[in-house]
Amino acid sequence: MTDVEDRATAGFRSAYGQEPAGRWAAPGRANLIGEHTDYNDGYVLPFALSLRTVVAAAPQDGDRWTVWSETTDGQIEFVAADVDEPGRVTGWGAYVAGVVWALREAGHAVPGARLAIASDVPLGSGLSSSAALEAAVLTALVDLGGLDLPAERQPRLAQRAENAYVGAPTGIMDQSAAIRCRKGHALFLDCRTEEVEHIPFDLDAAGLAMLVVDSRAPHRHADGEYASRRKSCEAAAATLGVPALRDVSVADLDAALPKLPDDETRRRVRHVVTEDQRVLDTVALLRAGRVREIGPLLTASHASMRDDFEITVPEIDTAVEAALAAGALGARMTGGGFGGCVLALVEAAAAVTVAQAVTDAYAARGFTAPGHVTVLPAPGATRLD
Ligand code: GLA
């Protein structure tokens with residue numbers, strides 16, 4: 001397959017018979033640690049992947065947006081009246097229309113445009129292909145229209161597209177990662193203040209590698225389960241009389257848990273509160289250059305997602321266990337859960353052995369073979385030319 005940039009350009013040329021005015025790219029992401037903490041106003045630590053979504057685009061007259069996508073090899077078109085009524089544009093087009101809608105709603109004069117989209121971010125693997133699409137389209141439109149929307153304000157807008165237009169009640173992590181990450185760094189984001197710190201995350205220098213295992217597990221009820229986790233966290237915060245679970249610390253837990261109505265809610269809260277602390281502990285280790293010591297925190301995060309937040313599935317747990325048994329320094333599911341990918345922090349020299357051990361464990365349990373790739377922290381959304 002040709003390079004994603006070339007595919008976007010070729011798609012643009014054949015769909016519209018003209019040259020694009022420019023090309024913009026935004027990455028998929030993996031979250032190093034900090035799961036289901038973003039919508040609790042807490043902390044996350046994602047990094048961008050070199051797998052990207054590329055948009056080739058050019059302005060066109062009128063409030064009209066025409067979009068070609070390689071996924072369907074088809075075109076859709078919508079005008080301002082479609083955009084202004086959420087629900088009219090559906091499917092993958094909703095992510096594009098949602099961005100146009102959110103920009104218009106915030107008072108920006110969005111230029112009409114022709115767009116062609118190609119992507120290397122796998123769909124449904126928990127690596128945030130949707131945020132990559134939103135971020136790539138947003139960056140292209142902001143740039144084409146010369147809109148006054150600095151990068152630090154873009155994630156909230158892209159999140160609004162996803163929450164209010166597409167209808168998925170996600171937090172702000174994925175859009176922040178797609179837009180604000182830097183090469184060689186993880187993005188330490190305070191989801192309440194939206195302040196970021198770029199934390200050096202140099203795997204090569206430490207002789208380490210990050211293995212991403214695609215569990216290939218079918219997403220089971222992921223949307224409903226995500227929404228119900230979010231609701232129970234918000235209800236728990238209300239019961240505890242705090243604005244969000246971010247306001248409960250590990251030291252508060254002993255006093256807070258008995259105030260909650262049932263064991264399930266107590267476990268949900270314990271996950272979020274301890275996970276915020278694990279993000280802070282991971283950041284402290286990385287700041288001190290002690291990269292290999294973060295392994296146990298990753299593994300503890302996984303146990304908390306499995307036992308307390310209950311968002312893992314057998315394939316995911318099998319991948320984590322097999323990676324650890326084969327010598328990974330730490331391993332955890334990344335992303336919203338119920339499928340998706342596992343991260344395993346490994347000695348660079350052991351990456352192949354660990355990947356093979358996961359494949360063998362899958363075969364022994366009769367699961368569809370997993371995918372795997374090693375990754376390095378890549379840059380966020382950018383104009384290519
Ligand atoms: C999904 C959501 C994010 C975040 C993660 C879980 O990726 O889009 O906002 O909540 O799940 O950490």
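Atoms within a ligand are numbered from 1 in the order they appear, just like the ligands themselves.
Protein residues lining ligand 1, listed by chain and number: R29, E35, H36, D38, Y39, T170, G171, M173, D174, Y226, G336 [non-hydrogen atoms, distance under 4.0 Å].
Using a cut-off of 4.0 Å between Lys/Arg side-chain N and Asp/Glu carboxylate O, R278 and E275 are scored as salt-bridged. With salt bridges taken as basic N to acidic carboxylate O contacts below 4.0 Å, one links R104 and D63. Between D82 and R64 no salt bridge is recorded (no basic side-chain N to carboxylate O distance below 4.0 Å).
Classified by interplanar angle (parallel below 30°, tilted 30° to 60°, perpendicular above 60°), the ring pair H36/Y226 is tilted.
Judged as a side chain to side chain contact (heavy atoms under 4.5 Å, CB included), and not counting sequence neighbours, the contacts of D247 are R192, V242, P243, A244.
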Practice prompt. Could you check H185 against D202 for side chain to side chain donor-acceptor pair (under 3.5 Å), going step by step and ending with a plain yes or no?
Written response: CA-CA 7 Å; H185 294 75; D202 192 341; over 6 Å; no
